[in-house]
Amino acid sequence: MVQANRVNNMGKIIAVASGKGGTGKTTSVAALSSCLATLGYRTLAVDFDAGLKSLDFALCMTDYAISDYMDVLKGIYSLENAIHEHQKIPNLFFLAAPNTSMFDTAPVELDALHEMYDRIRNSFDYCLIDAPAGIGEGFRLAHNGADMSVLVTNGELPAMRNAQRAAGIIRSMGVEEVRLLVNRVSPSDYKKLHSTIDDVIDAVGARLIGMIREDKSIMLALHDNIPLILYKKRLAAYDFLDAARRIRGEDIPIRKI
Ligand code: ADP
Ligand code: MG
């Protein structure tokens, strides 16, 4: 059943992280996975933020956060039985995080994690992992065996420094493809700070995969319980679509914001 509609032979596991909290990881996982699914790829969005889950809100799938990845790692549910397909976005599937933090449960067995990643690669074209903030256990686990990392930052100094630190750790773990998603871009703010996107790229030291503009519709869509890509005003959704197309290897020029 899960093999249907595959486009790629081997799926790609992409951990989305930041170091600093609140930069837009969850928003980005929800929007990028929605865009990849809309482009025709079987896509799985995994909430790896155990204990503080919020991807179910961003995907408007709170009713589907029953089984979680810990159930899969423990062998209580098969991957197929633990995931849920989105009701409004075909090709998009969701795997929730447990309610309890990783530190309150038995340690994650790396073999079980790698087995789950392998099963995901066999069944999906793309899997986006919403990694927890920080550079601790959960962040490292999310990247352990991942194929790519997307670091989400904004133009603020602490976020950039944390992203740079996170990039170093991710590379030291053997994840070669580390790309940068600069979120909440507001030209007037950058002007006031005498800063540019190139400054952010230089500060973090990773190639750009996309630039997402500051857009109130992200908050409004969340409030109205409508996925961003289906929301009436959705300027940032076009930026996420560009980034999703770059993830699949298209050469899309950076849109002028
Ligand atoms: P994280 O998962 O990194 O903690 P979230 O994705 O939850 O961050 O985003 C934090 C907050 O920032 C949310 O309230 C979200 O609505 C808001 N936000 C994220 N990206 C944007 C954006 N491009 N424009 C406006 N608000 C945004
Ligand atoms: Mg989050």
Side-chain angles (χ1 to χ4, degrees), residues 14-35 45-62 65 68-69 94-99 101-102 128-139 141-143 149-156 158-167 170 179-190 197 200 204 208-244 254-255 257:
I14 304 170
V16 178
S18 65
K20 193 176 184 312
T23 56
K25 293 175 295 298
T26 301
T27 304
S28 302
V29 167
L32 289 173
S33 49
S34 304
C35 289
V46 181
D47 192 344
F48 222 71
D49 207 350
L52 291 174
K53 55 190 196 174
S54 55
L55 185 59
D56 53 329
F57 276 113
L59 289 171
C60 309
M61 289 187 78
T62 47
D68 57 68
Y69 73 78
F94 171 54
L95 178 59
N99 280 319
S101 128
M102 261 175 206
L128 277 81
I129 311 262
D130 187 9
I135 48 172
E137 180 76 5
F139 160 86
L141 272 177
H143 286 87
S149 177
V150 170
L151 280 172
V152 185
T153 189
N154 52 38
E156 292 170 16
M160 292 191 285
R161 191 176 57 191
N162 288 1
Q164 183 206 33
R165 174 111 176 76
I170 294 162
R179 302 291 296 271
L180 183 65
L181 189 68
V182 183
N183 190 23
R184 308 198 74 154
V185 175
S186 149
S188 59
D189 286 353
Y190 275 78
I197 297 297
V200 183
V204 178
L208 193 67
I209 193 95
M211 223 164 70
I212 314 296
R213 73 194 87 185
E214 173 77 28
D215 184 0
K216 274 206 167 47
S217 50
I218 290 178
M219 183 259 290
L220 296 171
L222 191 68
H223 193 265
D224 288 350
N225 198 33
I226 298 172
L228 178 67
I229 65 156
L230 303 179
Y231 200 62
K232 50 186 185 301
K233 287 187 187 155
R234 50 183 177 194
L235 285 177
Y238 297 104
D239 303 333
F240 279 116
L241 183 60
D242 283 356
I254 296 291
R255 199 187 285 263
I257 293 179

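All values below come from the heavy atoms of this structure, side chains included, with hydrogens, waters and symmetry mates left out. Counting starts at 1 for both ligands and their atoms, in listed order. Positions are given from 1, in the same order as the sequence printed here.
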Practice task
Mind running side chain to side chain contact (heavy atoms under 4.5 Å, CB included) on Phe240 and Leu181 for me, showing each step along the way?
Solution key: CA-CA 10 Å; Phe240 279 116; Leu181 189 68; 4.1 Å; yes
Handout entry: Straight-line distance of Ser34 OG to Leu59 CG, nearest 0.5 Å
Key = 6.0 Å
Problem - For ligand 1, the portion of Arg213 having any non-hydrogen atom under 4.0 Å away - result: backbone
Problem - N or O contact, Lys216 vs ligand 1, cut-off under 3.5 Å - result: no
Handout entry: Asp215, any N or O under 3.5 Å of ligand 1 N or O
Key = yes
Fill in the blank from the handout: Atoms of ligand 1 under 4.0 Å from any heavy atom of Lys25, numbered from 1 in the order shown, are 1 (P), 2 (O), 3 (O), 4 (O), 6 (O), 8 (O)
Practice task
Could you tell me whether ligand 1 has any atom less than 4.0 Å away from a heavy atom of Ile218?
Solution key: yes
Practice task
Work out how many protein N, O or S atoms lie closer to the Mg ion (ligand 2) than 2.8 Å.
Solution key: 1
Handout entry: Separation of Asp68 CG from Lys53 NZ (nearest 0.5 Å)
Key = 7.0 Å
Exercise for the section: Below 4.0 angstrom from a heavy atom of Thr27, which ligand 1 atoms are there? Numbered from 1 as shown, please. Expected result: 5 (P), 6 (O), 9 (O), 15 (C), 19 (C)
Completion exercise
heavy-atom search around atom 8 (O) of ligand 1 in the protein gives Gly24 N, 3.1 Å
Handout entry: Any donor-acceptor pair under 3.5 Å from Asp47 side chain to Ser54 backbone
Key = yes
Completion exercise
CD1 (Ile170) and CZ (Phe139) are apart, to the nearest 0.5 Å, by 4.0 Å
Practice task
Nearest 0.5 Å please: distance from the CG atom of Leu180 over to the CG atom of Leu151.
Solution key: 6.5 Å
Problem - Gap separating the CD1 atom of Ile212 from the CG atom of Asn183, nearest 0.5 angstrom - result: 6.0 Å
Exercise for the section: Establish, from distance only, whether the side-chain atoms of Thr23 and Asn154 form a donor-acceptor pair under 3.5 Å. Expected result: no
Exercise for the section: Tell me which protein heavy atom sits closest to atom 17 (C) of ligand 1, plus the residue, atom name and distance to 0.1 Å. Expected result: Arg184 NH1, 3.6 Å
Completion exercise
Heavy-atom nearest pair, Gly21 first then Ala133, reads CA-CB, 3.6 Å
Handout entry: Heavy atom of the protein closest to atom 7 (O) of ligand 1 (residue, atom name, distance)
Key = Thr26 CB, 4.1 Å
Exercise for the section: Taking atom 14 (O) of ligand 1 as the reference point, report whether a protein heavy atom occurs under 4.0 Å from it. Expected result: no
Handout entry: Under 3.5 Å: N/O of Lys20 near N/O of ligand 1
Key = no
Exercise for the section: Would you please determine whether Gly22 falls within less than 4.0 Å of ligand 1 on a heavy-atom basis? Expected result: yes
Practice task
Show which atoms of ligand 1 fall inside a sub-4.0 Å distance from at least one heavy-atom site of Thr23.
Solution key: 3 (O), 8 (O)
Handout entry: Nitrogen or oxygen of Ser28 less than 3.5 angstrom from that of ligand 1
Key = no
Fill in the blank from the handout: of all protein heavy atoms, closest to atom 20 (N) of ligand 1 is Asn183 ND2, 2.9 Å
Exercise for the section: Please say whether more than 12 non-hydrogen atoms of neighbouring residues, nucleotides or ligands are located less than 6.0 Å from OH in Tyr190. Expected result: yes
Problem - N or O pair under 3.5 Å between Ser18 and ligand 1 - result: no
Practice task
Say whether, by atom type as modelled, one donor and one acceptor occur between the side chain of Arg179 and the main chain of Leu208 under 3.5 angstrom.
Solution key: yes
Fill in the blank from the handout: Quick look: Leu222 vs ligand 1, heavy-atom contacts under 4.0 Å, and the answer is neither
Handout entry: CA sep, side-chain torsions, deciding dist, call: Val16, Asp130, side chain to side chain contact (heavy atoms under 4.5 Å, CB included)
Key = CA-CA 5 Å; Val16 178; Asp130 187 9; 5.5 Å; no
Donor-acceptor pairs are to be reported for all side-chain atoms of residues 217-232 against protein atoms at under 3.5 Å, with residues two or more places apart or in another chain.
from	atom 1	to	atom 2	distance (Å)
Ser217	OG	Asp215	OD1	2.6
Ser217	OG	Asp215	OD2	2.6
Ser217	OG	Lys233	O	3.1
Asp224	OD2	Tyr231	OH	3.1

Completion exercise
In this structure, OG1 of Thr27 is separated from CG of Leu32 (nearest 0.5 Å) by 10.5 Å
